[in-house]
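Residue numbers start at 1 and run along the sequence shown.
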Amino acid sequence: SKILNIIKEFNPDVVHCQGWMSAIAPIYIKTVYNDEPAFANCKVVFSAFEDVPVLRPDSRFAEALAFKGAHVGLLDSKNVNLQAPDALAQMALAFSDGYIQGGAGIRPELMDFAKSIGLPVLEYPGSEKMADVYGDFYKTVFSAK
């Protein structure tokens with residue numbers, strides 16, 4: 001909540017969530033905080049890296065998720081399988097506007113999931129000219145539906 005309050009001060013065009021520890025941010029930005037002027041036109045991009053947990057969330061995860069308008073029914077509506085080993089990443093992707101693969105060959109099933117829900121995707125671009133590639137990808141995200 002503190003981090004989101006800091007982000008709101010900047011009226012971001014893009015919030016780029018990096019790694020599994022940020023997986024819950026997209027659902028809150030797109031549901032709980034979607035009426036905040038700072039997030040009205042904000043796009044969310046998620047990147048997954050090698051450290052994506054491959055354990056399904058604890059059975060109390062749905063209860064922990066509940067905050068204002070966020071609830072487990074939102075995950076059901078987006079076909080997020082909380083029994084899947086990559087449930088956190090699926091959740092992040094389901095509420096994001098784009099996906100960037102954070103390393104070569106990282107979790108190909110996440111790439112498949114992102115494509116299956118129609119997200120713009122960027123396979124790992126390598127480390128050269130990353131800023132240019134990311135900038136071009138953000139433009140793609142903004143031009144998508």
>> Please report the interatomic distance CD1(Ile100) to CZ(Phe46), rounded to the nearest 0.5 Å.
In response: 11.0 Å

> Can you tell me how far the CD1 atom of Ile24 sits from the SG atom of Cys17, to the nearest 0.5 Å?
Replying inline: 11.0 Å

> What distance separates Trp20 CH2 from Met91 CE, expressed to the nearest 0.5 Å?
Replying inline: 11.0 Å

> Atom CD of Gln101 and atom CG of Leu122: how far apart are they, to the nearest 0.5 Å?
Replying inline: 8.5 Å

> Is there a donor-acceptor contact under 3.5 Å from the side chain of Asp97 to the main chain of Val44?
Replying inline: yes

>> How close do Thr140 and Ser143 get, counting heavy atoms only, and between which atoms?
In response: O-OG, 3.0 Å

>> To the nearest 0.5 Å, what is the distance between CZ on Phe95 and NZ on Lys30?
In response: 10.5 Å

> Where is the tightest heavy-atom contact between Leu119 and Ser96, given as atom of each residue plus distance?
Replying inline: CD2-O, 3.1 Å

> Does the pair Tyr99 and Val45 meet the rule for a side-chain contact (heavy atoms from CB on, under 4.5 Å), with working shown?
Replying inline: CA-CA 6 Å; Tyr99 171 57; Val45 172; over 6 Å; no

>> Using the side chain to side chain contact (heavy atoms under 4.5 Å, CB included) criterion, which residues pair with Cys42? Sequence neighbours excluded.
In response: Pro12, Val15, Phe39

> So, do Asp13 and Phe142 sit near enough that their side-chain heavy atoms are less than 4.5 Å apart?
Replying inline: yes

> Do you know which two heavy atoms are closest between Ala94 and Ile117, and how far apart they sit?
Replying inline: CA-CD1, 3.9 Å

> Atom CD1 of Ile29 and atom NZ of Lys43: how far apart are they, to the nearest 0.5 Å?
Replying inline: 13.0 Å

> Who passes side chain to side chain contact (heavy atoms under 4.5 Å, CB included) against Lys115, sequence neighbours left out?
Replying inline: Met111, Val121, Glu123

> What pair of heavy atoms forms the shortest contact from Ser22 to Pro26, and how long is it?
Replying inline: O-CD, 3.3 Å

> In terms of heavy-atom contacts, does CG of Asn41 have more than 12 from other residues, nucleotides or ligands at under 6.0 Å?
Replying inline: no

> Within the distance-only criterion (no hydrogens, no angle test), does the side chain of Gln18 pair as donor or acceptor with the backbone N or O of Ser47 below 3.5 angstrom?
Replying inline: no

> Quick one: ring-ring contact (aromatic ring centres under 6.0 Å, His included) pairs with a partner in residues 116-141, sequence neighbours left out?
Replying inline: His16-Tyr134, His16-Tyr138

